[in-house]
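When a ligand or atom number is given, it counts from 1 through the structure's own listing order.
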Amino acid sequence: MTKAHKQKRLISFVSQKGGVGKSTLARLLAVGAAHRGHKTLLADFDLEQLTCVEWNATRMRNSVEPEIDARPFKSLKKLHKSEEEIDVIVADTRGLADEMTKELAEDSDVVFLPTGTSSDDLRPTLALARKLAKQGAEGRIVIVLSKVGRSEKQLSHAIAAIEESGFELLAEHWPLRDGFQSELDAGRAGREAHNPYLREMAERMENALMKRATPKGT
Ligand SMILES: Nc1ncnc2c1ncn2[C@@H]1O[C@H](COP(=O)(O)OP(=O)(O)O)[C@@H](O)[C@H]1O
Ligand SMILES: [Mg+2]
């Protein structure tokens, strides 16, 4: 036997809707994985917006370390071809339940579905979760409550709806805070937030995502 090679992970963020935090959490996780020493690829499948690719250009202009490898991808085939030397692939997608989303979900080790807490957001999220589960992603689907405001009532209503659906919910929620936007605008993400309160929230989210996304959680 040759030296045991590290297991490569494909982690994707999908949703039916736009604006739910996919690109934000994908960057948070990619940055976290890179800081932890994983060879990380941030694969941007949203060719309309290229949020992660554009953000990475800002990151490079501002010389934010570590460097992140963020590239646009049109197909899974292309992604698999360029996988050499990579431990963690974080895939950001369009807000669409299209063929690409389906294929990516089938291939991913973990599929995160970020969603707001309102019924307007939860309904399409749970519908997509059911669809992906039917197509073979069952057991790898994790719902993430994202951009969560300060209403306890709204949060507990959302948690109850997800519990009732039977899908897994990530233990940590992503809190809505304006400050995260200026961090992203400066080319930083997640744990790189300068404000210590934001940093702590981001670190908790990173830990929860990593724990679920990689076998050892590190
Ligand atoms: N926790 C948060 N607090 C405040 N704004 C956020 C937060 N997370 C994301 N945003 C903002 O919400 C908008 C949509 O987020 P984004 O990650 O681009 O969603 P998606 O990729 O699902 O369309 C962006 O302007 C982003 O900066
Ligand atoms: Mg996006």
Side-chain angles (χ1 to χ4, degrees), residues 11-32 41-59 62 64 68 70-74 79 89-98 100-101 104-105 108 110-118 120-129 132 141-151 154-155 158 169-209:
I11 301 143
S12 55
F13 287 84
V14 308
S15 73
Q16 175 101 285
K17 284 183 115 172
V20 293
K22 289 182 299 298
S23 302
T24 300
L25 293 173
R27 285 173 285 181
L28 176 150
L29 182 58
V31 158
L41 170 64
L42 180 53
D44 194 339
F45 283 89
D46 187 349
L47 300 182
E48 299 290 316
Q49 315 238 7
L50 286 177
T51 309
C52 294
V53 171
E54 297 286 354
W55 164 84
N56 199 39
T58 306
R59 184 180 178 89
N62 293 351
V64 183
I68 300 289
R71 282 179 260 157
F73 283 91
K74 195 176 177 175
L79 177 69
I89 303 170
V90 180
D92 184 25
T93 64
R94 296 198 290 169
L96 277 177
D98 58 3
M100 185 68 241
T101 299
L104 199 53
S108 297
V110 182
V111 188
F112 289 117
L113 273 74
T115 178
T117 53
S118 69
D120 287 351
D121 282 0
L122 285 168
R123 221 177 297 115
T125 302
L126 294 173
L128 177 60
L132 296 176
I141 295 169
V142 183
I143 294 176
V144 183
L145 283 172
S146 176
K147 299 171 73 173
V148 174
R150 294 177 196 264
S151 161
Q154 184 79 40
L155 177 61
L169 170 65
L170 194 76
E172 206 62 57
H173 315 311
W174 181 232
L176 182 75
R177 296 288 184 277
D178 291 340
F180 285 123
Q181 298 182 5
S182 34
E183 295 294 333
L184 291 166
D185 286 349
R188 295 188 294 273
R191 62 153 78 186
E192 295 167 340
H194 284 172
N195 175 308
Y197 295 102
L198 296 183
R199 190 161 65 231
E200 201 196 311
M201 285 174 189
E203 281 169 354
R204 276 208 300 271
M205 194 61 190
E206 179 192 315
N207 285 337
L209 290 170

The reported gap from OG1 in T93 to CE in M100 (rounded to nearest 0.5 angstrom) is 8.5 Å
Does S146 reach the main-chain N or O of V20 with its side chain, forming a donor-acceptor pair under 3.5 Å? yes
Just verifying a value: how many Å separate L122 CG and D120 CG, rounded to the nearest 0.5 Å? 9.0 Å
Nearest 0.5 Å please: distance from the CG atom of L126 over to the CG atom of D121. 10.5 Å
Using a distance threshold of 2.8 Å, what protein N/O/S atoms lie below it relative to the Mg ion (ligand 2)? S23 OG
R59 side chain to W55 main-chain N or O, any donor-acceptor pair under 3.5 Å? no
Name the residue from L113, I143, V111 that meets the side chain to side chain contact (heavy atoms under 4.5 Å, CB included) definition with L128. L113
Distance-only, no hydrogens or angles: does the N56 side chain make a donor-acceptor pair with backbone N or O of I68 under 3.5 Å? yes
To the nearest 0.5 angstrom, please state how far the CG atom of L209 sits from the CD1 atom of I11. 9.0 Å
Could you name the protein residues that come within less than 4.0 Å of ligand 1, counting only heavy atoms, and order them by chain and residue number? G18, G19, V20, G21, K22, S23, T24, K147, W174, P175, L176, R177, F180, Q181, L184
Answer yes or no: is there an ion pair linking E183 with R188, defined by an N-O contact shorter than 4.0 Å? yes
